[in-house]
Amino acid sequence: QVQLAESGGGLVQAGGSLRLSCAASGRTFSTYAMGWFRQAPGKERQLVAAITWTGSSTYYANSVKGRFTISRDNAKNTVYLQMNSLKPEDTAEYYCATRSTFDYNVRWLDPLWYDYWGQGTQVTVSS
């Protein structure tokens with residue numbers, strides 16, 4: 001089993017930056033892929049960014065491309081989401097998720113593809 005804990009959320013002005021962290025514990029060696037999702041009130045949960053174990057493959061939603069950067073530090077069992085040039089539209093609760101089983105068929109966008117989820121951290125961007 002893998003446990004995930006998000007941190008780093010908060011209130012920030014538009015144009016500002018935040019860095020989210022997701023610390024993994026348990027069977028951390030099985031976190032073959034990790035992703036960041038977000039969910040705003042009244043909307044579906046959607047993938048923001050994802051990264052594989054090696055970090056060689058990444059995914060970004062078009063809405064955040066060029067502004068957000070996902071990275072991971074396997075030694076620290078942590079994945080990060082650096083968020084720059086934040087917009088009010090980025091306001092949401094952000095969730096960390098991981099795929100624990102190796103799979104050549106990577107399905108970044110499918111929440112059901114992920115096995116474990118954190119509890120979420122709120123990000124609020126004011127205009």
Query raised in the report: Is any side-chain heavy atom of Met83 closer than 4.5 Å to a side-chain heavy atom of Val123?
Result: yes
Query raised in the report: Do the two ring centres, one from Phe68 and one from Trp36, sit under 6.0 Å apart?
Result: no
**Report entry** Expected output: side-chain Arg99 to main-chain Ala33 donor-acceptor under 3.5 Å
**Finding:** no
Query raised in the report: What distance separates Arg19 CZ from Leu81 CG, expressed to the nearest 0.5 Å?
Result: 10.5 Å
Report summary line: In this structure, OG1 of Thr124 is separated from CG of Asp90 (nearest 0.5 Å) by 11.0 Å
Query raised in the report: So which heavy atom on Ser17 is nearest to which on Asn84, and how close?
Result: OG-OD1, 2.9 Å
Query raised in the report: Of the non-hydrogen atoms in Glu6 and Gln119, which two are nearest, and what is the gap between them?
Result: OE1-N, 3.0 Å
Query - Nearest-0.5 Å distance, CG of residue Leu86 to CZ of residue Arg67 - result: 6.5 Å
Query raised in the report: Rounded to the nearest 0.5 Å, what separation is found between the CD atom of Gln122 and the CG atom of Leu11?
Result: 10.0 Å
**Report entry** Whether Tyr60 side chain and Ile70 backbone form a donor-acceptor pair below 3.5 Å
**Finding:** yes
Report task. Heavy atoms only: give me the nearest Ala14-Pro88 pair and the separation to one decimal. Result -> CB-CD, 4.2 Å
Requested in this report: Give the minimum heavy-atom separation between Val79 and Ser71, together with the two atoms involved.
Outcome: CG2-O, 3.0 Å
Query - Approximate separation, where rounding is to 0.5 Å, of Ser100 OG and Tyr114 OH - result: 12.0 Å
Requested in this report: Check whether any side-chain N or O of Arg72 sits under 3.5 Å from a backbone N or O of Thr52 as a donor-acceptor pair, and report yes or no.
Outcome: yes
Query - Heavy-atom donor-acceptor pair, Arg38 side chain to Val48 backbone, under 3.5 Å - result: no
Query raised in the report: Do the side chain of Thr58 and the main chain of Ile51 share a donor and acceptor less than 3.5 angstrom apart?
Result: no
Query raised in the report: At what distance, to the nearest 0.5 angstrom, does CG of Leu47 lie from OH of Tyr95?
Result: 14.5 Å
**Report entry** Residue pair Ser21 / Thr78: nearest heavy atoms and the distance that separates them
**Finding:** CB-CG2, 4.3 Å
Query raised in the report: Do side-chain atoms of Tyr94 reach the backbone of Gln39 as a donor and acceptor pair under 3.5 angstrom?
Result: no
Requested in this report: Report the relative orientation of the aromatic rings in Trp117 and Phe37; use parallel for angles under 30°, tilted for 30 to 60°, perpendicular for over 60°.
Outcome: tilted
Query raised in the report: More than 12 heavy atoms of other residues, nucleotides or ligands under 6.0 Å from CD of Glu89: is that the case?
Result: yes
Report task. Check whether more than 12 heavy atoms from other residues, nucleotides or ligands sit under 6.0 Å from atom NZ of Lys65, and answer yes or no. Result -> yes
